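These numbers come from a predicted model, not from an experiment.
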2 protein chains.
Amino acid sequence: MPRSGQTDMAVLGALSIEPMSGYALRESIRDVLGHFWSESFGQIYPALAGLERDGFVRREGAAKRGASTFAITAAGRRRLRELLTEPVQAAPARNGLLLRLFFGRALGTEACRALIAGARADAERRLREFDALDARTAAEPQYADDAPFWHLTISAGRHHAHAVIAWADESLAALDHLDPDGR
Amino acid sequence: MPRSGQTDMAVLGALSIEPMSGYALRESIRDVLGHFWSESFGQIYPALAGLERDGFVRREGAAKRGASTFAITAAGRRRLRELLTEPVQAAPARNGLLLRLFFGRALGTEACRALIAGARADAERRLREFDALDARTAAEPQYADDAPFWHLTISAGRHHAHAVIAWADESLAALDHLDPDGR
DNA sequence: TAAAACATGTAATTTGTTACATGATTGA
DNA sequence: TCAATCATGTAACAAATTACATGTTTTA
């Protein structure tokens, strides 16, 4: 039974905004936190069970059939603040694109170009997703108190995507200079 | 015995540049690929054993006592090209800083400010590390053919660090506007 | 009424880290 | 000679994904 503090933080945090089912929890983590966080069913349900056992969430509605909603308790809010205050643990760096480019001499210049162009296209797509996400949250006045913080995370995503685009353009130009025949 | 293609790629790639011991492999992965990749002993040694069994690396020097060096074979180079050509698999997003900021209303504005300032300081430190890394590779003429590719990865790190700094400054200003008394 | 979406959970597997155990070599 | 560094490996644990199993509710 995985009980990482990280998963508990994400689950309690989401439930601190509004009560929802485990299914909805996963959907909103994917759709709203998706660009900087992820959780799978295999973690969410055991985490909910543990949090319920410890009195941090309360299950509302029948457990057996159909929908049951999980709500955060007062103890759960205290636990959330405790978790949020813990030092940020750096995720181990694992960037498959940069690993391939580092060995670009073995991979070949043309394949490198394609990888960089792909990363640039992904970044452009993410920028469009951020626009949509911004519009969605701005349209819901009940989240007004949370929106400024949500905006910080979207802004981080935008800055990152812009950085990828600038880097890609610069890098494609550098590879052209290295090997002027685009072949 | 973990045998992920990702670890094999990093190990074969490093050995494609020059033969070295498992220990040195870990050091150079930490020191050179550190800003975008990581491997631990628990993965490197089993990976080396598997690669040796499959004929992709050859152990030179006594296995029992003191140093033994691992060198990539011709089959290993073919295997490396094969691995490098595989599609980049996106690492699951896990950014503990942004997760905390997203729940910034529960964490408190002041703690958010401190987290952002910390991220900014980390980025500044990384920029200095990139300068040192650049100087180190530029000083070794034997890596001239690889250096242009290595430079792409360092440039990516720099762009990313600059993006973090710009985002942090913007975000700190936004939080000031939200709550003018810094208390 | 059939398909799609909602909903909950478990089990197997993968992936990776950390700690432990052991020993050789080198330099102060 | 003692400590630090180099070196190899295993075992225990932790974290997370994926696939599987099961059933309900809504909608076309």
Side-chain angles (χ1 to χ4, degrees), chain A residues 1-11 14-15 19-31 33-34 37-53 57 59-71 83 86 89-96 99, chain B residues 1-11 14-15 19-31 33-34 37-53 57-71 83 89-96 99:
Chain A
M1 61 182 88
R3 277 305 299 287
S4 85
Q6 306 252 97
T7 298
D8 283 4
M9 197 194 306
V11 167
L15 294 180
M20 63 185 105
S21 70
Y23 189 89
L25 208 41
R26 192 258 203 151
E27 299 251 291
S28 54
I29 288 174
R30 190 191 53 202
D31 296 344
L33 312 185
W37 203 258
S38 65
E39 298 288 351
S40 62
F41 279 138
Q43 279 169 276
I44 289 176
Y45 283 112
L48 280 172
L51 289 169
E52 187 185 21
R53 176 174 40 70
V57 307
R59 190 186 300 246
E60 293 170 339
K64 271 299 157 215
R65 21 155 298 139
S68 68
T69 296
F70 296 88
L83 288 170
E86 281 180 8
Q89 54 186 98
R94 232 93 209 293
N95 186 323
L99 185 65
Chain B
M1 62 184 86
R3 277 305 298 288
S4 85
Q6 305 251 98
T7 297
D8 283 4
M9 197 192 311
V11 167
L15 294 181
M20 63 185 105
S21 71
Y23 189 89
L25 207 42
R26 194 259 203 150
E27 299 251 291
S28 55
I29 288 175
R30 190 191 54 201
D31 296 344
L33 313 185
W37 203 259
S38 65
E39 297 289 352
S40 62
F41 278 138
Q43 278 168 278
I44 288 175
Y45 283 112
L48 279 172
L51 290 169
E52 188 185 21
R53 177 173 42 68
V57 305
R58 198 177 43 246
R59 188 186 301 244
E60 294 170 337
K64 272 298 157 214
R65 23 155 297 143
S68 68
T69 297
F70 295 87
L83 289 169
Q89 54 186 99
R94 233 95 209 291
N95 186 324
L99 185 66

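Taking only side-chain nitrogens and oxygens, A:Gln43 comes nearer than 4.0 Å to OP1 or OP2 of D:dT17. For D:dC6, one of the phosphate oxygens OP1 or OP2 lies less than 4.0 angstrom from a side-chain nitrogen or oxygen of B:Tyr23. Within the structure, a side-chain polar atom (N or O) of A:Ser38 is placed less than 4.0 Å from OP1 or OP2 of D:dT17. For the OP1/OP2 pair of C:dT8 and a distance below 4.0 Å, the side-chain nitrogens and oxygens of A:Ser68 include at least one atom meeting the criterion. For D:dA7, one of the phosphate oxygens OP1 or OP2 lies less than 4.0 angstrom from a side-chain nitrogen or oxygen of B:Ser21.
Between the side chains of B:Glu60 and B:Thr69, not a single donor N or O lies within less than 3.5 Å of an accepting N or O.
The distance between atom CD of A:Glu39 and atom P of C:dG9, rounded to the nearest whole Å, is 17 Å. Protein atom CE of A:Met20 is 16 Å distant from nucleotide atom C1' of C:dT8, rounded to whole Å. One atom, CG of A:Leu51, and another, P of C:dT8, lie 14 Å apart when rounded to the nearest Å. Separating the CD atom of A:Gln89 from the P atom of D:dA14 is a distance of 14 Å, rounded to the nearest angstrom. Taking atom CD on A:Gln6 and atom P on C:dG16, their separation rounds to 17 Å, with Å as the unit. When the C1' atom of C:dA11 is taken as reference, atom OH of A:Tyr45 falls 16 Å away, rounded to whole Å. Look at CG on B:Asp8: it is 14 Å from C1' on C:dT14, rounded to the nearest Å. Here the P atom of nucleotide C:dC6 and the CG atom of A:Leu25 are 14 Å apart, to the nearest Å.
Nearest-nucleotide assignment on DNA chain D puts the 5′-proximal partner with B:Phe70, out of B:Phe70 and B:Arg94. Between A:Phe41 and B:Glu27, the residue anchored closer to the 5' end of DNA chain D is B:Glu27, taking for each the nucleotide with the nearest heavy atom.
A:Arg26 comes within 4.0 angstrom of no nucleic acid atom, judged by non-hydrogen atoms across all strands.
For A:Glu27, the CD atom counts as densely surrounded, since its 6.0 Å shell holds more than 12 non-hydrogen atoms of other residues, nucleotides or ligands.
Judged purely by atom type and a 3.5 angstrom limit, A:Arg94 uses its side chain to pair as donor or acceptor with the backbone of B:Ser38.
In this structure, A:Arg26 is positioned above the aromatic face of A:Phe41, its NZ or CZ under 6.0 Å from the six-membered ring centre and within 45° of the axis.
Minimum heavy-atom separation, A:Val57 to A:Leu48: CG2-O, 4.0 Å.
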